[in-house]
Protein chains: 2
Amino acid sequence: MSDTDLGALAVELRLACMRISRRVRFEAQDDEWHIPPHQFSVLARLDKADATPSELAEAEKVSAPSMTRTVAGLVEAGLVARRAHPGDRRAVVLSLTGSGRELLTQIRARRDQWMSSRLADLSEEELRTLAQAAPLLAKVAAR
Amino acid sequence: MSDTDLGALAVELRLACMRISRRVRFEAQDDEWHIPPHQFSVLARLDKADATPSELAEAEKVSAPSMTRTVAGLVEAGLVARRAHPGDRRAVVLSLTGSGRELLTQIRARRDQWMSSRLADLSEEELRTLAQAAPLLAKVAAR
DNA sequence: TATTGTTATACTCTATAACTATA
DNA sequence: TATAGTTATAGAGTATAACAATA
């Protein structure tokens, strides 16, 4: 593939991904389960593994005081629990509560429903093409 | 394609698009040309067509006072210009300045460069698959 | 009267600096 | 001394309510 073709493909793919991402965030919101993006991002990270506030701050690229505030909101909402760090009494370990995990599941389900409803408009052949492309996009996203 | 296959495809595509979008926004930033997301979004909209503050507020789904503030920042930075609305002396029309258009071009170029560099790791066959998928993703993004 | 745009005010999320407790 | 986390304070972004000018 020529450089110009690859550049044109990059433009088309980037725009499509960013537009889909934006529409998912805006259109798959639910008044009842709505939380701000920075809180959602922390929930998703804690779903993968428990973490300390400083680990979260570094991963999310925000300051420690910002993360203190974000975590305080999540704890107050009953979505995240603190416990003592085994072996370092300065630190705390954060984990999802049952409610936190449930909220995350529901938000993801709504987002996936949005995507499914968009895909439902495509033909079988178009879906087969996207099914071949999906792992490649995942590879791009994963670095 | 079965409903469960379609659901799994929706999950995989949505996650990949959101991750790519996030990485483009974070990793294609330039200290010199950096502007916050809400300002970028307004610049991109004015690139398509001139608009009044109230039109922008509705399109961006923010309040009129928020858009007043955002536009004030862009005007002060020399990226957007105001002019009188022909025929309605209450309203103003906003448009990109040369600097605004140039900034937009540079930010988009950096984002596309990020995407191109990711695609460069793929094989010719993988790129052909993505080239077939790109217009389908664009269709999904456009509704 | 209704609409466009702004100002007044308050709440949230961001940051840096300074503090407490512990390593 | 250095590190984990919080508190103090300030700078942007958001919103609703109230205002001025114009339709």
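Sequence lines set the chain letters: A, B, ... in the order given, protein chains first and strands last, and positions in each chain run from 1.
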Salt bridge flag under 4.0 Å for residues A:Asp50 and A:Arg83: yes
Touch class at under 4.0 angstrom, heavy-atom based, for A:Pro36 against every strand present: sugar-phosphate
Distance in angstrom units between A:His34 NE2 and C:dT12 C1', rounded: 13 Å
Test log, rule side-chain contact (heavy atoms from CB on, under 4.5 Å), inputs A:His38 and A:Glu60: CA-CA 8 Å; A:His38 66 289; A:Glu60 297 290 328; over 6 Å; no
Verdict with reasoning, B:Ile107 to B:Leu103, per side-chain contact (heavy atoms from CB on, under 4.5 Å): CA-CA 6 Å; B:Ile107 292 172; B:Leu103 176 62; 3.9 Å; yes
Earlier contact from the 5' end, DNA chain C, for A:Gly87 and A:Lys61: A:Lys61
Sugar-phosphate, base or nothing in reach of A:His85, heavy atoms under 4.0 Å: nothing
Euclidean distance, atom CG of residue A:Leu56 to atom P of D:dG5 [Å, nearest integer]: 9 Å
Selection from C:dT16, C:dT6, C:dT14 that lies nearest to any side-chain heavy atom of A:His38: C:dT14
A:Arg19 and B:Leu137: CA distance, side-chain angles, deciding distance, side-chain contact (heavy atoms from CB on, under 4.5 Å) verdict: CA-CA 10 Å; A:Arg19 283 175 179 156; B:Leu137 287 173; over 6 Å; no
Nearest-angstrom distance from the residue atom CG of A:Leu74 to P of C:dC13: 10 Å
Closest to the A:Ala91 side chain, choosing from C:dT4, D:dG5, D:dT14: D:dG5
Nearest-nucleotide 5' precedence on DNA chain D, A:Arg69 against A:Asp88: A:Asp88
Atom-to-atom span, CZ of B:Arg89 to C1' of C:dT3 - whole angstrom: 15 Å
Any B:Arg82 side-chain N or O less than 4.0 Å from OP1/OP2 of C:dT6: yes
Check against side-chain contact (heavy atoms from CB on, under 4.5 Å), A:Arg108 and A:Arg111: CA-CA 5 Å; A:Arg108 285 171 168 159; A:Arg111 292 178 170 189; 5.6 Å; no
No-H, no-angle donor-acceptor pair, A:Arg90 side chain to D:dT3 base, under 3.5 Å: yes
Length of the line joining A:Glu76:CD and C:dC13:C1', which is rounded to integer Å: 15 Å
Short side-chain N/O contact to D:dT3 OP1/OP2 from A:Thr52, under 4.0 Å: no
Protein-nucleotide distance (A:Arg83, atom CZ; D:dG5, atom P), rounded to Å: 13 Å
Closest to side chain of B:Gln39, choosing from C:dT14, D:dG13, D:dA8: D:dG13
Separation of D:dT14 P from B:Glu60 CD (nearest whole Å): 10 Å
Sugar-phosphate only, base, or nothing, as touched by A:Thr68 at under 4.0 Å among non-hydrogen atoms: base
Touch class at under 4.0 angstrom, heavy-atom based, for B:Ser63 against every strand present: base
